[in-house]
Amino acid sequence: MRAFLFTTLAICATIPVTVQAQATRNTLPAAQPVVVSPSMVQHDYFPVLFSTEAPAPGSGSYREFLMERKKELYDHYQPTGQRIATGDAAAPEVLTGFQGNPYNFSVPNDNDVAISNDGMIVSVINSTINIYTETGEELYAVSLSAFSDTLDILESDFDPRVKYDPIHDRFVLVFLNGFDPLTSYIIVAFSQTNDPAGLWNLYALPGNPKDNDRWTDYPMIALTEGELFLTGNLIIPGEPWQTGFSETLIWQMSLDEGYSGADLNAIFWDDVFYGGAPIRNIHPVQGGSTPYGPDIYMLSNRNFSESNDSIFIVHVSGTLDDPGTTVTVELGLTDLPYGVPPVARQYNNHEFDTNDGRILGSFMENGQIQFVSNTLDPATGFCGIYHGIITDLDGDYSIHGYIIGDDTMDLGYPNVSYTGRYDNDNQSIITFDHTAPEVFAGMSGIFYNDGNYSELVNIHTGDSYVNILSGYYERWGDYTGSQRKYNEPGVIWVSGNFGREVDLGPFTNRENATWVASLRTNDSLPLALESDREPVFTNVYPNPVQTWFQLDLELTQNAVLGFSVLDVNGKLVDELLYGEGKTGNNTFRFSTASLPAGIYFLQITANGSLWRTERIVKQ
């Protein structure tokens, strides 16, 4: 199956930096923790309640508006746009995959996933948490409601998000509770260790923090070096979508407080406006190779527009305990417009809801931001993927856009993770759900490498179309999960949807199931060094060592070097660095202060192949 990429020949758009009115800081009483573990859950009924009715005409709901809007826009759409074939980059390799969280009759799935450096996987959907090994062995399964039961909050739990923190070697989990101002809470959970099956510290933040008759919907999260940032939309109860959105809040809280189980002193920022109007669905930008900070960037767009080039760049300048921290909003313009996506096609005239064009995934690396969202594919009129790249973050923002599409399938709900192995390696894997009248729902991926794209790769395709709701209109899922395996550069783990047929005796269930998989880039795997051009040591010192160890080496050609510390039994202690060595003299240096006294081995790889192991004595 051949995939295509669409772009324009326009020069990257730039505008003068215009700083808008700053947002307002708000403080609340510190939240107190409750400790819980999946193993502590004795009775779990996995309760779930959802409507099987599709949006009714004339209901005034958000989804009814979008259905009518898309019908107006795309019923008679004539494909336009220049088609550019992909394939200039090497396709990513699908390493492994397994069926994730069992379908629990909740709609939509809302997939997210996180994996630790030790290979512990936390996969979440509406409304369950499952913990797996990399081979797909299930260690624990618990419902969101049972996990948060000790908080004495009994409303429906939904919209889970999960992140792994490679700096602190911990997990962070966020989900929502309740659909009205009196019952709305934001549940924030921090793992006490790197074992997600162990103890977690749970906190309940108010979903109506301004006490102004609102409730919180659709959270998004990102981690910096020391803080958790969380955004959520405030919704006016009982109102149609046109007036139901109130504003998006930005929450900011300390990771150290959460991991240690201290009282959580969270703050939130409101009045995040541009031109006097609130911007919505603010998406925090995660670090690529590792979390960055103390500041953070966030993105938003005009997600309901038929065609638009506006990208809002939100910047939080510092930490929550810095009185000089500000939140500002600036406007950037893309060179290629995005637009609200059409519905996605399934077998037998069934359709998938594709929601709107909000930004769904992003990361920052090498001074640029990559982001993805749903959009219209102008070459086919199908649902496609918008891939944007923002550069010049310290000056006038330049934003270049691409549209990823396929000539037979609808593509939706993308996410993106950084896959580079060394400095200035601007690459990523973009993954997304796929569907078509002749292709059952599943997942695909594509590799981006500094302006070039690979062909689409099938990650997994189901054996059925999805038919859960009444009528022909189905929910596809509001987001998918993607995370870099931080200690395996070039490898990512993802979670998305596929159609699955289950025989339940008197009837057949055609469900939207979960697939968890890992992918690896092939393009970034360098060739082995020629034997006569290997590195040559010129100095290794001091050894024995107390605080710092250093080695000097000479390279006869550029090479990607990897450095890892093993204990006396050959067990990995830590992976220190992947970096590009340059032709000529190079020096590698690292602190041994955190290593107990003993014998260690520094293992060195050159372009992915083991080259040398150096014995180190720590005094």
Side-chain angles (χ1 to χ4, degrees), residues 20-21 23-24 26 51 55-56 58-70 72-73 108 110 126 155-156 158-159 161 174-186 205-221 229-251 268-284 298-308 310-314 327 329 331 338-341 353-360 371 373-375 413 475 478-479:
Q20 298 298 297
T24 304
N26 299 268
S51 173
S59 65
S61 70
Y62 161 77
R63 296 195 179 279
E64 173 60 20
F65 168 83
L66 281 180
M67 290 175 66
E68 294 175 351
R69 179 70 171 150
K70 293 177 182 183
E72 294 172 2
L73 293 175
D110 290 354
N126 270 340
E155 296 297 319
S156 296
F158 60 101
D159 283 1
R161 303 278 191 169
V174 171
F175 54 95
L176 302 181
N177 181 279
F179 295 93
D180 64 67
L182 295 178
T183 63
S184 178
Y185 288 93
I186 304 169
L205 303 179
N208 182 24
K210 300 176 69 171
D211 196 22
N212 61 345
D213 195 34
R214 304 289 187 270
W215 61 278
T216 294
D217 189 28
Y218 200 81
M220 289 185 273
I221 63 174
F229 285 85
L230 183 156
T231 65
N233 296 335
L234 291 188
I235 306 298
I236 302 171
E239 295 235 5
W241 86 270
Q242 292 92 332
T243 57
F245 172 77
S246 177
E247 62 177 309
T248 298
L249 301 184
I250 298 174
W251 291 83
F268 70 88
W269 301 85
D270 62 356
D271 301 331
V272 189
F273 290 6
Y274 186 88
I279 61 174
R280 63 177 74 211
N281 309 314
I282 300 174
H283 178 87
M298 304 185 181
L299 304 175
S300 180
N301 63 7
R302 301 190 190 276
N303 54 305
F304 301 127
S305 180
E306 174 186 359
S307 180
N308 209 288
S310 297
I311 300 292
F312 298 102
I313 298 105
V314 181
V327 177
V329 182
L331 175 65
Y338 55 84
V340 63
D353 176 15
T354 53
N355 210 338
D356 50 46
R358 71 188 63 181
I359 294 171
L360 297 171
F371 66 91
S373 65
N374 290 341
T375 191
Y413 294 104
R475 297 294 301 278
D478 284 349
Y479 43 86

Kindly compute the distance separating [atom1] ([X]) from [atom2] ([Y]), expressed to the nearest 0.5 Å.
X	Y	atom1	atom2	answer
F229	W269	CZ	CH2	9.0 Å
R302	S307	CZ	OG	12.5 Å
N355	S373	CG	OG	11.5 Å

- Item | Derivation of the side chain to side chain contact (heavy atoms under 4.5 Å, CB included) call for I313 and V329 | CA-CA 6 Å; I313 298 105; V329 182; over 6 Å; no

- Task: Start with the C-alpha gap between F179 and W215, add the side-chain angles, then the distance that decides, and say whether ring-ring contact (aromatic ring centres under 6.0 Å, His included) holds.
- Result: CA-CA 6 Å; F179 295 93; W215 61 278; 5.7 Å; yes

- Say whether D270 and N26, considering side chains only, have a donor N or O and an acceptor N or O under 3.5 Å apart. yes

4.5 Å side-chain heavy-atom contact, [X] and [Y]:
X	Y	result
Y185	T216	no
I279	Y274	yes
P237	P181	yes
L176	P219	yes
D110	Y479	yes
Y413	L360	yes
M298	H283	no
L249	P209	yes

- Task: State whether the side chain of N374 and the backbone N or O of T354 hold a donor-acceptor pair below 3.5 Å, judged by distance alone.
- Result: yes

- Query: Short question: side chain of N208, backbone of N212 - any donor-acceptor pair under 3.5 Å?
  - Reply: yes

- All heavy atoms of P341 vs all of G357, minimum pair found to be CD-N, 3.9 Å

- Task: Grab the two heavy atoms, one from P108 and one from R475, that are nearest each other, plus how far apart they are.
- Result: CG-NH2, 3.4 Å

- Given side chain to side chain contact (heavy atoms under 4.5 Å, CB included), test V314 with I250 step by step and report yes or no. CA-CA 10 Å; V314 181; I250 298 174; 4.0 Å; yes

- Message: Tell me whether R358 forms a cation-pi arrangement with Y218, defined as NZ or CZ under 6.0 Å from the six-membered ring centre and within 45 degrees of its axis.
- Response: yes

- Item | Evaluation steps, side chain to side chain contact (heavy atoms under 4.5 Å, CB included), between F158 and N177 | CA-CA 6 Å; F158 60 101; N177 181 279; 5.8 Å; no

- Item | Cationic N near anionic O, under 4.0 Å, R214 to D211 | no

- For N233, check side-chain hydrogen bond (donor to acceptor under 3.5 Å, both in side chains) against everything at least two apart and list the hits. T248, N281

- Decide side chain to side chain contact (heavy atoms under 4.5 Å, CB included) for N303 and R280; before the verdict, give the C-alpha distance in whole Å, the side-chain angles of both, and the deciding distance to 0.1 Å. CA-CA 9 Å; N303 54 305; R280 63 177 74 211; 3.4 Å; yes

- Note on the structure: Which of I359, N308, D356 passes side chain to side chain contact (heavy atoms under 4.5 Å, CB included) with N301? Answer is I359

- Could you point out which residue of I221, V174, T231, I186 forms a side chain to side chain contact (heavy atoms under 4.5 Å, CB included) with W251? I186

